[in-house]
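In this text the structure is predicted, and so the values were computed from the model without any measurement. All values below were derived from every heavy atom in this structure, side-chain atoms included, with hydrogens, water molecules and symmetry-related copies excluded.
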Amino acid sequence: MAGVARIPLVLVVNNDLPVRNVGEFIAYTRANPATLSIASSGIGTSLHLSGELFKALAHVEFTMCPIAAPHPA
């Protein structure tokens, strides 16, 4: 499969969560299903789709919250 673009992505969590790496985040999310929410820059964006892919691959549940820009670009 040929790639068209590369988009670097970063997972940032609230410092109050008792996790320090992705494995701990997955374990916490599994232990607390549907209690977390993740923001993205809008429905269908790379951030939204990568969040949905993460949910599917990690077998976790959280709420996706698309944040609309206040003004059109």
Worksheet item: How long is the gap from CG on Leu17 to CG on Leu36, to the nearest 0.5 Å?
Response: 6.0 Å
Fill in: Straight-line distance of Asn14 CG to Ser37 OG, nearest 0.5 Å
10.0 Å
Discussion item. Quick check: is Leu49 connected to Val60 through a chain of hydrophobic side chains (ILVMFWY, heavy atoms under 4.5 Å apart)?
Written reply: no
Item to complete: Could you walk me through whether Val13 and Val19 pass side chain to side chain contact (heavy atoms under 4.5 Å, CB included), step by step?
Response: CA-CA 8 Å; Val13 300; Val19 300; 3.9 Å; yes
Fill in: Non-neighbouring partners of Glu52 that pass salt bridge (charged side-chain N to carboxylate O under 4.0 Å, His left out), sequence neighbours left out
Lys55
Practice prompt. Decide side chain to side chain contact (heavy atoms under 4.5 Å, CB included) for His48 and Ser41; before the verdict, give the C-alpha distance in whole Å, the side-chain angles of both, and the deciding distance to 0.1 Å.
Written response: CA-CA 7 Å; His48 171 239; Ser41 55; over 6 Å; no
Worksheet item: What distance do Leu53 atom CG and Ser46 atom OG have between them, rounded to the nearest 0.5 Å?
Response: 12.0 Å
Give every donor-acceptor pair under 3.5 Å between a side-chain atom in residues 24-34 and any protein atom, sequence neighbours left out.
residue	atom	partner	partner atom	Å
Glu24	OE1	Arg20	N	2.6
Thr29	OG1	Phe25	O	2.7
Arg30	NE	Ala58	O	3.1
Arg30	NH2	Ala58	O	2.5
Asn32	ND2	Tyr28	O	2.9

Discussion item. Does any part of the side chain of Thr63, heavy atoms only, come nearer than 4.5 Å to the side chain of Ile38, both counted from C-beta?
Written reply: no
Worksheet item: Run the side chain to side chain contact (heavy atoms under 4.5 Å, CB included) check on Leu9 and Phe54 step by step: do they pass?
Response: CA-CA 12 Å; Leu9 300 170; Phe54 183 88; over 6 Å; no
